[in-house]
Amino acid sequence: MPELPEVETVVRTLARRITGLRIVRVAHVRADMVEPADFDFAETVTGRVIDDVRRRAKRIVFTLDAGGRFFVHLGMTGQLTIEPADAPQKLHTHLILELSNRQQLRLVDPRRFGAIVWLGDLDHANVGPEPLQLQPARLGKLLHATKRAVKVALLDQTMIAGIGNIYADEALFAAKIHPTTPACALSVEQVRALNRAIKQVLRTAIGAGGSSIRDYVDAEGRRGSFQQRHQVYGREAERCVRCKRATIERIVLGGRSTHFCPLCQRHTHGIK
DNA sequence: AAGGGCACCTGCGAGC
DNA sequence: TGCTCGCAGGTGCCCT
């Protein structure tokens, strides 16, 4: 579910609503969602003030007073919401932090692909650069170092952070690049177009509060609206909104559903 | 040693 | 109505 725009939307609300609050009590935590496995999360965070909430990649990073950080990853179906203390507890609630203003921060995640990770003073390992701060030259360097399909490369979080299945498809469509094109075969022009497309798609999606296909809601339970503006994702067999001639195709790449317009996104045979 | 494939989970909608 | 199947915004690990 949550890619960069959804995580960013959650973080913006959290930063505004819970920064400066104290974690009074860990009312509930599912131990097997916490990393490292033997870490006593409740003991460590109880009584600490949340000094800062920010996004890095698809991670929601909490910095506590007196140092120490942890992040929450939402996986596919995670929801991190601010609730009144007396709100009914939903099925698959895995974390409840009671805050000093009597509200609670709750993590609900049916599929449990998410995680609560204690970082301490460590930095984020294995996470590539933020796409919104990426220069085309840097993107080119990264993409030209791999023979994988450009779509698969975009999903590699160690290469670029935050892009997932929806926004990879949308950015490639906007840049008119076929998703199976080997990343190393992209021309300098294509890399530049892709860099622009990634930023434009992500920024617009953030402005729309992200995409809500099924589970996603922000920290106040609101759905995003960017799903209404998807050009290819989830539009298999529909007429292409750009060329209005071809129909959107769906293939599987790297085990993921991939949507594109066969006319707008043609193979370029390595023409540079 | 890069990169393909699958496993990890639960829920839901489509089709029979 | 009720079953089974396929599929879902992610990622980590095993294998080649």
Side-chain angles (χ1 to χ4, degrees), chain A residues 1-11 30-37 55-60 71-80 90-94 107-117 124-128 131 142-173 179-185 198 201-202 204-206 208-219 222-237 250-259:
Chain A
M1 156 235 286
E3 304 181 32
L4 187 153
E6 291 76 33
V7 177
E8 179 67 25
T9 302
V10 170
V11 162
R30 180 171 171 131
D32 66 6
M33 301 237 354
V34 176
E35 299 172 31
R55 181 191 60 76
R56 171 72 175 103
K58 297 174 190 170
R59 303 169 173 186
I60 302 166
F71 69 80
V72 171
H73 196 293
L74 298 174
M76 291 270 263
T77 54
Q79 300 180 342
L80 197 56
K90 286 190 189 146
L91 197 61
H92 306 300
T93 297
H94 306 309
L107 173 66
V108 173
D109 181 11
R111 290 177 77 181
R112 268 182 283 131
F113 288 169
I116 302 154
V117 181
H124 300 263
N126 300 328
V127 178
L142 292 165
L143 290 171
H144 287 152
T146 179
K147 294 177 178 171
R148 288 178 295 172
V150 58
K151 158 79 184 269
V152 175
L154 289 178
L155 294 179
D156 180 348
Q157 301 297 298
T158 69
M159 171 165 324
I160 312 170
I163 298 171
N165 207 35
I166 293 177
Y167 300 105
D169 282 4
E170 293 298 318
L172 288 168
F173 175 78
T180 64
T181 311
C184 61
I198 288 169
V201 166
L202 293 178
T204 309
I206 291 169
S211 302
S212 291
I213 307 286
R214 138 173 297 158
D215 303 283
Y216 170 71
V217 293
D218 75 5
R222 288 181 304 245
R223 291 167 56 81
S225 67
F226 193 72
Q227 68 280 4
Q228 295 166 15
R229 287 197 255 170
H230 293 170
Q231 311 284 287
V232 286
Y233 184 87
R235 295 194 176 278
E236 183 189 7
R250 176 184 172 276
I251 59 174
V252 175
L253 267 189
R256 315 298 302 281
S257 217
T258 298
H259 315 73

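Letters A, B, ... are given to chains in the order of the sequence lines, protein chains preceding strands, and every chain is numbered from 1.
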Does OP1 or OP2 of C/dA8 have a side-chain N or O of A/Thr77 closer than 4.0 Å?
-> no
How would you label the contact of A/Arg250 with the nucleic acid (heavy atoms, under 4.0 Å): base, sugar-phosphate, or nothing?
-> sugar-phosphate
Please name all residues satisfying ring-ring contact (aromatic ring centres under 6.0 Å, His included) with A/His73, sequence neighbours left out, ordered by chain then number.
-> none
Among all residues two or more places apart in sequence or in another chain, which pass the salt bridge (Lys or Arg N to Asp or Glu O under 4.0 Å) test with A/Arg148?
-> A/Asp156
All side chain to side chain donor-acceptor pair (under 3.5 Å) counterparts of A/Glu170, not counting sequence neighbours = none
Please list residues of residues 147-156 of chain A whose heavy atoms come under 4.0 Å from any atom in DNA chain B, ordered by number; otherwise none.
-> A/Lys147, A/Arg148
Once each nucleotide of nucleotides 5-16 of chain B is scored for protein heavy atoms under 4.0 Å, what B/S/- sequence comes out, 5' to 3'?
-> ---BBBSS----
State, yes or no, whether a side-chain contact exists between A/Asn165 and A/Lys151 at a heavy-atom distance under 4.5 Å.
-> yes
A/Phe71: partners by ring-ring contact (aromatic ring centres under 6.0 Å, His included), with sequence neighbours left out = A/His124
If a stem is a run of at least 3 consecutive Watson-Crick or G-U pairs, both distances under 3.5 Å, which stems include DNA chain C?
-> B:2-8 with C:10-16, B:10-16 with C:2-8
Applying salt bridge (Lys or Arg N to Asp or Glu O under 4.0 Å) to A/Asp218 and not counting sequence neighbours gives A/Arg222
The ring-ring contact (aromatic ring centres under 6.0 Å, His included) partners of A/Tyr233 (sequence neighbours excluded) come to A/His230, A/His259
Provide, to the nearest angstrom, the distance between the NZ atom belonging to A/Lys58 and the P atom belonging to C/dG12.
-> 10 Å
Residues in side-chain contact (heavy atoms from CB on, under 4.5 Å) with A/Pro131, at least two apart?
-> A/Leu4, A/Ile160, A/Ile163, A/Ile198, A/Leu202
Set of residues satisfying salt bridge (Lys or Arg N to Asp or Glu O under 4.0 Å) with respect to A/Arg229, sequence neighbours excluded = none
List in chain and number order the residues that pass salt bridge (Lys or Arg N to Asp or Glu O under 4.0 Å) with A/Arg111, two or more places apart in sequence or in another chain; answer none if no residue qualifies.
-> none
